[in-house]
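Working notes, structure below.
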Amino acid sequence: MTSQIIPVDPFDFIIFGGTGDLSERKLLPALYHRQCDHQFSEPTRIIGTSRSKMSDEEFRTFARKAIKEHVKPEYIDKKELDTFLARLSYVPADASNGEGFDKLKKAIGDSKAIRAFYLAVAPSLFGMISNRIKEHKLVTENSRIVVEKPIGRDLASAKELNDQIGANFGEHQIFRIDHYLGKETVQNLMALRFANALYEPLWNSAHIDHVQITVAETVGLEDRVTYYDKAGALRDMVQNHMLQLLCLVAMEAPPSMDANSVRDEKLKVLRSLTRVNGQEAPKSTVRGQYRAGASAGGAVKGYAEELGTKESNTETFVALKAEIANWRWAGVPFYLRTGKRLATRVSEIVIEFKPIPHNIFGDSAGNVSPNQLVIRLQPDEGVKQYIMIKDPGPGGMRLRQIPLDMIFAQSFDGRSPDAYERLIMDVIRGNQTLFMRRDEVEAAWAWVDPILSAWADSRQEAQGYTAGTWGPSASIALIERDGRTWHESS
Ligand code: BG6
């Protein structure tokens, strides 16, 4: 089965931070793939901008190199690449003094086409750049602005950032990216729940024992020292990606896929999360930090060594138990864990159903394990439904758990698109369903802030864990205290 490509209207895509890391690794490769799938209509233009002085030709050389490095060789098509590069131009501009914005205005011209300003820059520049865009009268009815996380480092700073952008763009024009929402299986979670009659009647506290959400990485700090040490895993992963996943699992069926309908339902979940106060935090949250060990096949340094200091209390791992105080979910814990330098790279959601009420098979048949639905986001995207069956053969009634396995790659031909491809096309279409609304971001911070305060007040230490393991032993204790275990991912 192949997917159908629906072309988008012509657009101008202006990348602030056009020569930066995100543009190189994600945006230009994503746009190139969309070119290859013939999703653009003419005339579509891509304008890079940043403080670096660069000619159009130099920007094209930068883009060619980015695509060659970040797109698999089998997808490089010379003709498509040349067509793509011909769309590119470059204007140096500096938001701090406004230099270059007149030239940018000239380059855009008075085109009535859709205009997307993508801010692939540090959040501290969001306000300043959006002011300059507005000042230079670049905002049209057909304009949108796209911003990346982190939107703030707590509720107060998130509000400030949202106010700054909101002074220049209407909420319907602001696209706050959470790239997890662009992942194929994350969207499939909505399809699984709301396009099938099978699961929804069971999707509640009467039938579900608990939910686990794991986002495990094998990478360490990489070269993000300045950002990461000030953020930590709770701000970097839980406030956004993991809470968004939790929302998609827990939300009520929206009346339609209309952006505000979906976001209204997610917001209700965020507002129903039970606050973790100072007393609760040590019992229901675990902070960890990796020490030297082995990961992804080689010896790796500990976090502090990578950082180049001896001391840091920043967490590179978080496990926590969240509770949703509403009719559907009361009493069903959601266990979340995420970390760097863990045993394997895997992101998955496990829905564990309640045990059967009575076992008719007796001890000799073996254990009857509860059913589990495992939604694998990456790698090897797919869904597994674990069920009990009889072990084949004449040896009497022995029971065994097997997965009914649906690996998406086997059902669909071709490449699985990167999240950015889908999200950028949604920006052009003006579809905000997979983007976070202001109130969602703020509600997520409102839940995270008390945990951050509790950690700071109690000076809760990040517990060491050896790189290449599943985090500190306290994470295992967190779930085992409740008589449950983490699903073993491989
Ligand atoms: C980013 C975080 O948002 O997501 C990174 O800042 C993390 O720390 C990354 O590595 C994980 O994304 P993915 O798509 O590789 O799972």
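Both ligands and their constituent atoms are indexed starting at 1 by order of listing.
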Exercise for the section: Enumerate the atoms of ligand 1 whose separation from the nearest heavy atom of H241 is less than 4.0 angstrom. Expected result: 1 (C), 3 (O), 4 (O)
Exercise for the section: Taking only heavy atoms of K340 into account, list the atoms of ligand 1 that are under 4.0 Å away from them. Expected result: 5 (C), 7 (C), 8 (O), 10 (O)
Fill in the blank from the handout: min-distance protein heavy atom vs atom 14 (O) of ligand 1 -> K183 NZ, 2.6 Å
Handout entry: Closest protein heavy atom to atom 10 (O) of ligand 1, given as residue, atom name and distance to 0.1 Å
Key = E217 OE2, 2.5 Å
Handout entry: Protein contact of atom 16 (O) of ligand 1 - nearest heavy atom, named by residue and atom, plus distance
Key = Y180 OH, 2.4 Å
Completion exercise
Among non-hydrogen protein atoms, atom 12 (O) of ligand 1 lies closest to H179 NE2, 3.1 Å
Handout entry: Reference residue E252; test salt bridge (Lys or Arg N to Asp or Glu O under 4.0 Å); the match among K266, R328, R193
Key = R328
Exercise for the section: Would you check whether Q378 reaches within less than 4.0 Å of ligand 1, judged by its heavy atoms? Expected result: yes
Practice task
State yes or no: are the ring centers of F40 and F11 separated by less than 6.0 Å?
Solution key: yes
Problem - Nearest-contact summary for atom 8 (O) of ligand 1 - protein heavy atom, Å - result: D236 OD2, 2.6 Å
Exercise for the section: Look at R484 together with E480 and state whether they make a salt bridge at an N to O cut-off of under 4.0 Å. Expected result: no
Practice task
Decide if the gap between the ring center of F334 and the ring center of W329 is smaller than 6.0 angstrom.
Solution key: yes
Handout entry: Geometric cation-pi criterion, K72 with Y75: 6.0 Å, 45°
Key = no
Problem - Min N/O separation Y228 to ligand 1 under 3.5 Å - result: no
Fill in the blank from the handout: ligand 1 to K149, heavy atom cutoff 4.0 Å, flagged ligand atoms 1 (C), 2 (C), 3 (O), 6 (O)
Problem - Geometric cation-pi criterion, R153 with W445: 6.0 Å, 45° - result: no
Exercise for the section: Could you check whether the rings of F13 and Y118 sit parallel, tilted or perpendicular, using 30° and 60° as the cut-offs? Expected result: tilted
